[in-house]
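Residues take their numbers from the sequence shown, with the count starting at 1.
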Amino acid sequence: MTTASPSMHGQAKDEQDMLRSQQYGFLSRMLYRAPGDDLLAAISRMAGNHTALGQAYGALATCAARAEARAVEQEFFELFVGVGRGELLPYASFYQTGFLNERPLAEVREDMARLGLQRAKGRHEPEDHIAALFEVMAGLSAGQVAGANGVSEAGFFARHIAPWAVKFFDDLAIAPSADFYRPVAEVGRIFMEIESRAFALAG
């Protein structure tokens, strides 16, 4: 949902950071649009493990194996688009102020500008959409976007994601239309808690 100025690209990071980047990228993709048949098939082949996050991915794989793309697309519409509005509004402004297009959006835009980022052409969602924020974090984690001008990876997370993302995933898990997106919500919630603990320890 964002584009980066080539001059802002940084050096690739270590394997753990690349895995974190992939997690952010995956969640961004899930929250931007519904997965089609090919992606559902790929998700169904994901292998879980004994960790809480691994078990959440295992549950998501099981759900994807039985899901139909058309049904997931309708679910996505009910959850995030709707007639007038969806069941959820996945924006930092809404979760932090109760309204859209408020100060949190302006703050996201300010930090994105400092990073040399802007909304990609053809994308119409405000930049404080959770998928856009996760896309920025994917770039920062992988070193494809370099922290600059007082904006670090940890700082971006603390300002724009930590205050509300877990609450959003909690709401997604119990949304009336959530089926395929219920295990997506569990993956997101656990990953956000892991990230919060990691940044707290690093700080």
Side-chain angles (χ1 to χ4, degrees), residues 1-4 18-92 94-95 100 117 119-139 141-142 144 161 164-195:
M1 298 183 72
T2 58
T3 56
M18 292 303 296
L19 290 172
R20 293 177 50 247
S21 176
Q22 291 171 10
Q23 300 266 17
Y24 277 113
F26 175 75
L27 287 167
S28 175
R29 171 61 182 82
M30 290 295 99
L31 296 167
Y32 177 59
R33 64 180 182 273
D37 286 321
D38 289 346
L39 185 51
L40 285 171
I43 295 170
S44 73
R45 295 190 292 271
M46 288 181 172
N49 58 37
H50 67 282
T51 67
L53 186 59
Q55 290 174 10
Y57 269 110
L60 178 58
T62 299
C63 191
R66 62 173 172 77
E68 296 182 358
R70 182 173 298 181
V72 175
E73 184 176 4
Q74 181 61 35
E75 178 183 342
F76 184 93
F77 178 85
E78 296 294 339
L79 287 169
F80 304 118
V81 183
V83 178
R85 58 159 284 183
E87 295 170 13
L88 300 176
L89 292 171
Y91 300 97
F94 179 79
Y95 268 85
L100 296 174
L117 299 172
R119 185 169 58 185
K121 292 181 179 179
R123 305 287 179 88
H124 305 293
E125 297 84 358
E127 293 89 335
D128 63 338
H129 190 291
I130 195 166
L133 300 177
F134 281 5
E135 189 172 4
V136 173
M137 285 297 297
S141 299
Q144 296 168 343
I161 296 174
W164 68 284
V166 169
K167 172 60 175 170
F168 163 77
F169 283 120
D170 284 344
D171 289 345
L172 177 57
I174 61 172
S177 296
D179 181 17
F180 172 80
Y181 274 88
R182 188 167 293 113
V184 172
E186 183 68 358
V187 169
R189 182 189 64 79
I190 293 171
F191 182 53
M192 289 297 94
E193 291 176 347
I194 292 171
E195 286 286 272

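Separating the NE2 atom in H124 from the CZ atom in R119 is a distance of 8.0 Å, to the nearest 0.5 Å. A distance of 10.0 Å separates CD of Q74 from CG of L79, quoted to the nearest 0.5 Å. Here the straight-line distance linking atom CD1 of I190 with atom OG1 of T51 works out to 8.0 Å at 0.5 Å rounding. Separating the OG atom in S21 from the CD atom in Q144 is a distance of 5.5 Å, to the nearest 0.5 Å. Between I43 atom CD1 and R29 atom CZ the span is 8.0 Å, to the nearest 0.5 Å. The distance from atom CD1 of I194 to atom CG of L53, rounded to the nearest 0.5 Å, is 5.0 Å.
Residues F169 and M192 approach most closely at CE1-CG, 3.9 Å, considering heavy atoms. Here the shortest heavy-atom pairing between L31 and H129 reads O-CE1, 3.4 Å. Here the closest heavy-atom approach between residue E87 and residue A175 is recorded as OE1-CB, 3.6 Å. Minimum interatomic distance between F26 and M46 (heavy atoms only, all atoms of both residues): CE1-CE, 3.6 Å. Between P35 and L40, the shortest heavy-atom contact is CG-CD2, 3.8 Å. Residues A64 and S44 approach most closely at CB-N, 3.9 Å, considering heavy atoms.
In terms of modelled atom types and a separation under 3.5 Å, the side chain of S28 and the main chain of G25 share no donor-acceptor contact. Checking side-chain atoms of R20 against main-chain N and O of M137 turns up no donor-acceptor pair under 3.5 Å.
Below 30°, between 30° and 60°, or above 60°: for F191 and Y24 the angle between ring planes is above 60°, a perpendicular geometry.
Put simply, the residue from F94, Y95, Y91 that forms a ring pair (Phe, Tyr, Trp, His ring centres under 6.0 Å) with W164 is Y95.
Residues M30 and F180 meet the side-chain proximity criterion, which asks for heavy atoms closer than 4.5 Å. A 4.5 Å side-chain heavy-atom check between F80 and L172 finds at least one atom pair inside the cut-off.
For D38, the CG atom sits in a loose shell: 12 or fewer heavy atoms of surrounding residues, nucleotides or ligands are nearer than 6.0 Å.
Contact check on E193 versus R189 returns a salt bridge, with a Lys/Arg side-chain nitrogen under 4.0 Å from an Asp/Glu carboxylate oxygen.
A side-chain donor from one of Y57 and Q23 sits under 3.5 Å from a side-chain acceptor of the other.
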